[in-house]
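These values consider heavy atoms only, across backbone and side chains, with no hydrogens, waters or symmetry-generated copies. One is the number of the first residue; the rest follow in order along the sequence.
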Amino acid sequence: MCTTLGYTIEDWQHQHHQHPDALRQTLHTHLAALDSRDTAWITLATPEQIDEQLSALPTAAQTLPLWGVPFAVKDNIDVAGWPTSAACPAATYQAIEDAAVIARLKAAGAIVIGKTNLDQYATGLVGCRSPFGAVVNTFNSDYISGGSSSGSASAVARGLVAFALGTDTAGSGRVPAGFNNLVGLKPTKGWISSRGVIPACRLNDTVSIFALTVAQAYHVATLAAGYDPAEPYSRQLPRRAPAQFPAQPRFAIPDAVNFFGDAQARGAWEKTLATMREAGVQLSTIDFAPFQQLAEQLYAGPWVAERSAAVGDRLDHPEQMDPVVHQVISQGLNYSAIDAYRAEYLRATLSREIEHALQPFDALLVPTSPTIHTLEALAQDPIALNAQLGLYTNFTNLADLSALALPAPFRDDGLPAGITLVAPAWHDRALAEFGCRWQPLLALPLGATGNPLPARSTTLPPSPDHVRVAVVGAHLSGMPLNYQLTTRDAVFIEQTQTADNYRLFALLDGPIKKPGLLRGDGGNAITVELWDIPLARFGEFVAEIPAPLGIGSVTLADGRTVKGFICEPYTLTDALEITAFGGWRRWLMSQEEK
């Protein structure tokens with residue numbers, strides 16, 4: 001393993017929150033310290049390129065959320081004034097303007113310090129298909145790093161940047177994370193704009209984030225994301241998905257997990273399942289056949305023609321391309337428009353089957369990759385062995401799913417073996433929230449740095465796309481009106497208490513007994529449940545609340561203020577006061593005992 005600086009975003013901001021001139025010197029020193037032996041995976045910025053970016057920052061730049069944080073960019077993403085090659089020297093051009101995602105991150109204060117190597121035209125999951133050399137695994141240089149975003153993963157794993165951008169069509173933002181003990185966030189398609197990114201398969205591409213912790217990967221994603229009216233495939237965030245999974249989530253796992261004979265990978269997977277069960281996760285097997293069939297379509301059918309369209313006339317010059325990449329992409333020329341339509345019909349059918357299969361669960365849990373290969377083995381059989389690596393990743397974008405690759409128990413031979421959680425589109429935050437719970441359970445070092453997981457990197461801030469509501473009676477878990485929350489993707493957060501100045505009443509009129517909560521003298525702390533409701537569904541929920549109840553602000557015992565059920569005082573003259581019971585459930589239990 002190489003010597004690293006080991007910076008997370010938090011480390012960098014804590015140590016280098018300083019005057020612009022001091023930051024300039026720090027960045028120049030940082031560049032000079034990077035090992036020149038690692039040029040196979042990154043092309044570094046010049047001091048002039050660093051100075052130009054610093055000069056473009058606003059006067060009050062220290063207030064920006066990524067002020068001075070260095071990051072690396074996969075070299076199929078445009079950075080203004082820098083060459084973009086997609087690892088094809090003959091196709092290299094000078095970018096005139098920043099890709100949309102780069103512009104957003106620069107506006108947040110981040111500094112590009114390098115462009116990273118990749119499998120040519122983002123075609124591969126191995127990190128070996130580049131004229132600039134293979135990117136080796138950060139734990140054992142005999143092994144592959146995973147691709148196509150190999151250079152970006154290596155830069156983060158070594159601790160040389162706080163985060164890096166990749167792209168993910170078939171798993172390129174996840175497999176390198178799994179092979180290098182990283183977090184790889186593959187966002188919902190269209191959440192991060194692809195304008196200014198050289199496409200591999202434009203319908204199934206997304207910019208991805210590599211980071212050392214889940215919290216910082218998600219933080220970067222929220223700053224990088226946003227609707228882009230100039231990008232036809234950009235999508236508006238619907239704000240309807242859950243903020244997090246339940247305390248004891250339900251994960252599906254494949255009924256038959258294929259490791260291609262790799263006993264080390266199987267052993268790591270079994271350790272993962274044991275840790276999940278110990279953490280209270282409910283695991284259930286499902287038929288993986290439709291997932292696998294869809295995964296196979298990406299390269300073994302007409303979908304490869306989309307790569308042919310992206311490369312265009314370059315296919316007429318095989319001498320300018322990596323021979324394996326040319327062989328793979330040329331296959332797309334063998335399909336007709338009729339074949340393409342049939343492939344789309346099959347994709348839609350399998351995607352619907354996958355949607356139905358995942359409905360009872362919070363997410364699908366899979367190994368990030370079924371195995372790992374040496375550089376020597378890949379050289380002997382580059383296509384078949386590459387295809388193995390996409391078994392648990394290729395289907396994700398075709399089915400419009402979100403995914404998060406996470407560090408997991410290592411193999412017994414010392415190599416990383418990551419896992420991936422896959423969920424419906426726009427479940428990105430819920431995946432990240434679980435990831436923040438998962439990382440501390442393992443206490444693994446960060447990437448290949450050897451540094452421990454910082455305690456401050458294990459939580460996400462409250463979601464701006466959800467409303468936290470305190471419920472006190474018929475909407476509690478298991479109660480008659482709880483469905484009004486669950487059918488709107490609301491998620492239970494915790495049970496807690498109000499401040500000690502609330503009174504509780506039982507409203508006995510109507511078919512369902514309801515509580516009335518009133519702030520006032522002679523009160524008590526009342527037990528409540530906190531639920532997060534998607535902002536887009538909150539209005540529907542409130543519309544169903546009958547008089548004399550309503551939604552107002554409720555103060556909790558720890559001083560927090562959340563939205564919650566309140567009651568108009570006029571109706572309480574005929575209601576039964578039950579404050580002394582301290583909560584609705586205890587009062588109901590007392591009635592059952594009579």
Run the numbers on Gln244 and His466 for side-chain contact (heavy atoms from CB on, under 4.5 Å), then give the verdict.
-> CA-CA 10 Å; Gln244 67 180 67; His466 295 78; over 6 Å; no
Between Glu529 and Phe492, does a side-chain contact (heavy atoms from CB on, under 4.5 Å) hold up when you go through it step by step?
-> CA-CA 7 Å; Glu529 288 181 356; Phe492 172 74; 3.7 Å; yes
Would you check, one step at a time, whether the test side-chain hydrogen bond (donor to acceptor under 3.5 Å, both in side chains) holds for Asp255 with Thr285?
-> CA-CA 5 Å; Asp255 54 350; Thr285 58; over 6 Å; no
Tell me, with the steps shown, if Val220 and Phe71 meet side-chain contact (heavy atoms from CB on, under 4.5 Å).
-> CA-CA 11 Å; Val220 170; Phe71 74 108; over 6 Å; no
What do the steps show when you test Asp262 against Arg411 for salt bridge (charged side-chain N to carboxylate O under 4.0 Å, His left out), and what is the final call?
-> CA-CA 10 Å; Asp262 188 339; Arg411 300 155 52 104; 2.8 Å; yes
With side-chain contact (heavy atoms from CB on, under 4.5 Å) as the test, would you mind laying out the steps for Leu365 and Met276 before giving the verdict?
-> CA-CA 10 Å; Leu365 171 65; Met276 286 284 179; 4.1 Å; yes
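Just one of Val562, Asn482, Ile493 meets the side chain to side chain contact (heavy atoms under 4.5 Å, CB included) condition when paired with Trp531; it is Asn482. Of the residues Ile526, Thr561, Thr498, Leu530, the one that meets the side chain to side chain contact (heavy atoms under 4.5 Å, CB included) test with Val554 is Thr498.
Side chain of Lys563 to main chain of Val467: no donor-acceptor pair is present (N/O by atom type, distance under 3.5 Å, no hydrogens or angles). A distance-only check finds a donor-acceptor pair linking the side chain of Glu231 to the backbone of Tyr233 [under 3.5 Å]. Between the Arg437 side chain and the Ala247 main chain, a donor and an acceptor come within less than 3.5 Å of each other. Between the side chain of Gln236 and the backbone N or O of Tyr227 there is no donor-acceptor pair closer than 3.5 Å. Judged by distance alone, the side chain of Glu306 and the main-chain N or O of Leu203 form a donor-acceptor pair under 3.5 Å.
Between Pro187 and Asp428, the shortest heavy-atom distance links the atoms CA-OD2, 3.2 Å. Closest approach of Pro452 to Leu446, counting heavy atoms only: O-CD1, 3.5 Å. Closest approach of Ala153 to Asn180, counting heavy atoms only: CB-ND2, 4.2 Å. The nearest pair of heavy atoms linking Thr188 to Thr206 is O-OG1, 4.3 Å. In terms of heavy-atom proximity, Val69 sits nearest to Ala162 at CG1-CB, 3.4 Å. What you find for Ala417 and Ala408 is that their closest heavy atoms are O-CB, 3.3 Å.
Of the charged side-chain nitrogens involved, none lies within less than 4.0 Å of a carboxylate oxygen, so that Arg503 and Asp521 do not count as a salt-bridged pair. Ionic pairing of Glu544 and Arg537 is not present here: no N-O contact between side-chain nitrogen and carboxylate oxygen is shorter than 4.0 angstrom. For Asp228 and Arg104, the salt-bridge test fails: no basic side-chain N is under 4.0 Å from an acidic carboxylate O.
With contacts defined as side-chain heavy-atom distances shorter than 4.5 Å, the pair Leu283/Arg277 qualifies. Looking at Phe163 and Phe210, their side chains never come closer than 4.5 Å, going by heavy atoms from C-beta outward. Side-chain atoms of Cys436 and Thr213, non-hydrogen and from C-beta on, never get closer than 4.5 Å to each other. Looking only at side-chain heavy atoms (C-beta outward), Val197 and Asp205 stay at 4.5 Å or farther from each other. Counting heavy atoms from C-beta on, the side chains of Thr371 and Leu389 come closer than 4.5 Å.
We find the CD1-CD1 distance between Ile253 and Ile419 to be 11.5 Å, quoted to the nearest 0.5 Å. Rounding to the nearest 0.5 Å gives a distance of 8.5 Å between OG of Ser208 and CG of Leu185. With values rounded to the nearest 0.5 angstrom, Asp362 atom CG is found 13.0 Å from Gln359 atom CD. In this structure, Thr420 OG1 and Leu404 CG are separated by 7.5 Å, a value rounded to the nearest 0.5 Å. Annotation: the span from Thr555 atom OG1 to Asn501 atom CG amounts to 7.0 Å, rounded to 0.5 Å. Residue Lys189 holds its NZ atom at 13.0 Å from OG of Ser234, rounded to the nearest 0.5 Å.
Between Phe565 and Phe541, the angle of the ring planes goes over 60°, which puts this pair in the perpendicular group of the 30/60° scheme. A perpendicular orientation is assigned to the rings of Phe245 and Phe251, their planes being inclined by more than 60° (bins at 30° and 60°). The aromatic rings of Trp584 and Trp587 sit tilted relative to each other, their planes meeting at an angle between 30° and 60°.
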Validation: residues 390-397 side-chain donor-acceptor distances under 3.5 Å, sequence neighbours left out:
| residue | atom | partner | partner atom | Å |
| --- | --- | --- | --- | --- |
| Tyr392 | OH | Asn258 | N | 2.8 |
| Tyr392 | OH | Asn258 | O | 3.3 |
| Thr393 | OG1 | Ala170 | O | 2.6 |
| Thr393 | OG1 | Gly390 | O | 3.4 |
| Asn394 | ND2 | Ala295 | O | 3.4 |
| Thr396 | OG1 | Arg174 | NH1 | 2.9 |
| Thr396 | OG1 | Thr393 | O | 3.1 |
| Asn397 | OD1 | Lys186 | NZ | 2.7 |
| Asn397 | ND2 | Asp168 | O | 2.9 |
| Asn397 | ND2 | Thr169 | O | 3.3 |
| Asn397 | ND2 | Asn204 | O | 2.8 |

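A donor-acceptor pair shorter than 3.5 Å cannot be found between the side chains of Lys74 and Ser152. Glu577 and Thr579 share a side-chain donor-acceptor pair at under 3.5 Å.
For residues 346-368, the set of pairs meeting the ring-ring contact (aromatic ring centres under 6.0 Å, His included) definition, not counting sequence neighbours, is empty.
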